[in-house]
Amino acid sequence: MSNHKIMETPLDIVVSVRNVSKNYGDIKAVNSISFSIEKSHTLGLLGSNGAGKTTIIMMLMGILKSSSGTINILNKNIYKYRNQISKEINFASPFVELPHKLTVLQNLTVFGHIYGVKNLSYKIEKLAQDLDIKDLLKRRVGRLSAGQKTRVSIAKSLINDPKILFLDEPTASLDPDHADWIRTYLEEYKNNSGATFILASHNMPEVERMCNNVIMMGRGKVIDQGSPADLIRRYKRNNLEQVFLQLARNDRYSN
Amino acid sequence: MILFIRRIYAMILRHIYLFMVSWPRVLELIYWPFLNMVLWAFMSKFLAQNSNIFLLASGVLIASVIMWDTLFRGQLGVTLSFIEELWSRNLGNIAVSPLKPIELILSLIVASLIRTLIGVGGAGLAAYFLFDFQIPSYGLGFILFFINLIVMGWSLGLAICALLIRFGLSAETFAWAALFFIQPLCGVFYPISILPEWLQPVSMLIPATYIFEGMRLTFFEGVFQVDLLLKACFINLIYIFIGISLLLYSYSFAKKKGLLLGNAE
């Protein structure tokens with residue numbers, strides 16, 4: 001296991017996870033993990049299915065209580081200050097959809113009000129322009145293609161200018177062209193806004209491209225962590241996918 | 001405070017948008033209460049021609065059915081508004097957002113009120129124009145009866161939402177069936193003295209029992225019994241407290257078990 005430190009100065013830390021575990025009865029979904037994320041960085045959460053990635057994201061967003069340990073988001077305990085923190089974070093996943101019967105504009109309006117967005121009409125117009133969904137505003141979400149739905153979901157997740165954005169497989173089911181478009185947009189957004197991203201993905205080229213740091217998970221534990229380049233170098237591989245396969249298989253056979 | 005109201009407004013807006021784009025939903029709201037009322041209004045007419053009791057109080061069956069629909073639509077309004085979030089796999093987005101559970105509850109209650117007013121309001125208007133039955137003519141007490149019925153509907157609806165959070169859409173049947181278990185016990189169309197003696201104490205635990213009893217007394221004897229209304233109010237207060245507590249507990253339980261995102265998938 002690497003001793004590589006993701007943080008540099010405590011002042012820049014926006015996510016701090018210390019000895020966090022999540023148990024479901026006898027099953028340890030997450031087993032005493034610790035990590036930190038620096039402001040404006042993108043952290044990739046990697047691991048096989050059931051490794052505990054979604055469990056961690058849910059705990060970081062405060063919608064799943066940890067069994068033990070401490071989670072601080074923006075220097076505040078997520079469970080104690082969830083109401084305040086929730087205004088500063090947002091979430092996009094193709095597995096959690098927006099109401100299909102409502103139009104794109106209606107959905108964005110509803111979530112804009114929920115997040116207390118000022119100048120909501122302007123904000124929606126800006127997002128529609130940036131994400132190229134202007135022509136979709138009056139269409140029902142249920143009638144959009146997968147690529148269009150993803151762009152709308154991203155628009156919803158940026159409606160409150162989140163300081164921390166959770167992305168759960170944001171480009172799943174997209175063709176390479178659309179997926180690349182989304183990644184480019186998110187990278188530009190991050191560079192302009194200084195937001196921090198937490199990305200769970202099975203797409204290794206995506207992680208390699210977008211993430212400053214990566215946490216490799218297996219059976220609820222952190223197997224290794226570091227920057228994609230660092231991991232590739234240390235494991236003497238050509239790309240992150242090969243590193244992932246080696247770590248995942250090692251983890252499988254070691255148990 | 002303003003943000004608190006804005007978040008509730010957003011959730012109500014979500015349901016208004018749904019009605020705006022989905023006319024079948026609005027028609028469905030009006031259709032069943034209207035049909036029920038028409039059926040029982042004709043039955044009333046027939047009985048009035050053949051029975052002295054119904055000749056004296058010809059509106060009693062129409063009132064019964066409209067009041068029953070108020071209770072049913074009140075409950076259904078809460079549960080269906082919540083089920084919409086599960087159907088659309090939107091609960092995860094709501095759970096992550098700043099919307100607090102109590103704000104979700106309040107928005108469900110307001111959405112239910114709107115649904116009930118559309119559904120029962122339509123039936124009430126039809127009763128007035130088609131059968132000359134005027135609910136307001138029975139006085140303020142009757143309005144208080146209606147308020148009690150809708151509050152009871154909310155209590156039950158919130159308890160069912162708690163089950164939906166816990167068990168997901170597999171608990172959907174309760175949304176449609178739960179109230180019909182209570183119907184024979186609360187004397188919608190007959191006095192509870194008809195029930196077996198051992199069952200009557202159970203009826204006394206249901207707020208609607210006092211309301212329907214009070215409604216019949218108003219029709220048959222022209223008496224408005226305040227004590228019946230007060231008993232219904234008292235039990236309703238306990239019920240709404242239990243309903244809200246159950247939903248809050250269920251939400252907290254879902255946070256421990258990771259059901260808020262899971263139920264949406």
Side-chain angles (χ1 to χ4, degrees), chain A residues 22-25 29-30 54-55 57-67 79 82-103 105-107 109-118 120 138-142 153 156-157 159-160 162 165-166 168, chain B residues 1-26 80-104 106-107 111 165 251-265:
Chain A
K22 179 64 193 177
N23 306 329
Y24 294 107
V30 171
T54 305
T55 304
I57 286 188
M58 284 166 74
M59 287 193 287
L60 292 177
M61 293 191 298
I63 60 168
L64 175 65
K65 278 190 180 152
S66 62
S67 303
Y79 301 119
R82 157 104 182 101
N83 291 335
Q84 287 177 35
I85 295 167
S86 61
K87 291 167 194 159
E88 309 287 353
I89 64 173
N90 214 319
F91 165 70
S93 166
F95 309 114
V96 177
E97 297 185 14
L98 294 166
H100 280 197
K101 295 276 179 192
L102 267 57
T103 66
L105 178 62
Q106 288 170 338
N107 268 302
T109 304
V110 167
F111 279 97
H113 283 305
I114 289 178
Y115 280 92
V117 175
K118 288 176 186 165
L120 183 56
K138 293 199 172 159
R139 283 178 62 186
R140 291 187 191 186
V141 168
S153 175
K156 173 255 146 191
S157 72
I159 194 93
N160 60 327
L165 180 62
F166 296 90
D168 190 7
Chain B
M1 183 62 181
I2 291 167
L3 287 175
F4 162 82
I5 292 167
R6 196 174 170 194
R7 288 192 289 268
I8 295 171
Y9 165 73
M11 290 304 290
I12 296 162
L13 194 61
R14 180 244 191 279
H15 293 289
I16 292 171
Y17 282 153
L18 190 65
F19 289 137
M20 281 164 59
V21 296
S22 181
W23 279 103
R25 276 177 168 81
V26 181
L80 282 186
S81 299
F82 186 74
I83 284 175
E84 291 283 359
E85 308 303 351
L86 299 181
W87 281 339
S88 58
R89 310 200 318 168
N90 187 39
L91 191 60
N93 283 318
I94 290 172
V96 174
S97 80
L99 188 83
K100 295 173 194 163
I102 193 70
E103 293 165 356
L104 176 66
L106 289 172
S107 71
I165 290 178
Y251 202 86
S252 166
F253 178 84
K255 267 187 163 182
K256 281 183 191 145
K257 297 289 176 188
L259 302 174
L260 292 173
L261 218 53
N263 267 342
E265 287 174 3

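Below, chains carry the letters A, B, ... as their sequence lines are ordered, and counting in each starts from 1.
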Smallest separation among heavy atoms of [X] and [Y], with atom names:
X	Y	answer
B/V96	A/S86	O-CB, 3.7 Å
A/K101	B/L18	CB-CD1, 3.5 Å
B/R14	A/P99	NH2-CG, 3.5 Å
A/V117	B/R6	O-NH2, 2.7 Å
B/A10	A/I114	CB-CG1, 3.5 Å
B/R89	A/V96	O-CG1, 3.5 Å

Which value, rounded to the nearest 0.5 Å, describes the distance between [X] atom [atom1] and [Y] atom [atom2]?
X	Y	atom1	atom2	value
A/F91	B/N93	CZ	CG	7.0 Å
B/L91	A/I63	CG	CD1	8.5 Å
B/S97	A/K156	OG	NZ	7.5 Å

Tell me, for [X] versus chain B, whether the close heavy atoms (under 4.5 Å) come from the side chain, the backbone, both or neither.
X	value
A/F166	neither
A/I159	neither
A/Y24	side chain
A/P162	neither

Between A/Y115 and B/L3, does the side-chain contact (heavy atoms from CB on, under 4.5 Å) criterion hold? Intermediate values first, please.
CA-CA 8 Å; A/Y115 280 92; B/L3 287 175; over 6 Å; no

Check for a donor-acceptor pair, side chain of A/K22 on one end and backbone N or O of B/K256 on the other, with a separation under 3.5 Å.
yes

Partner chain A: residue of B/R7, B/K255, B/E84 with the largest heavy-atom pair count (under 4.5 Å):
B/K255

Looking at A/K87, A/K65, A/E97, which has the largest count of heavy-atom pairs under 4.5 Å with chain B?
A/E97

Any chance CZ of B/F19 has more than 12 other-residue heavy atoms, nucleotides or ligands included, within less than 6.0 Å?
yes

Flag the pair A/Q106 / B/V21 as yes when at least one side-chain heavy-atom distance between them is below 4.5 Å, and no otherwise.
yes

Side chain proximity check, A/L64 to B/L260, heavy atoms < 4.5 angstrom
no

From the options A/L105, A/T109, A/T103, select the one residue that forms a side-chain contact (heavy atoms from CB on, under 4.5 Å) with B/Y17.
A/T109

Only one of B/I12, B/L13, B/I5 clears side-chain contact (heavy atoms from CB on, under 4.5 Å) with A/H113; which?
B/L13

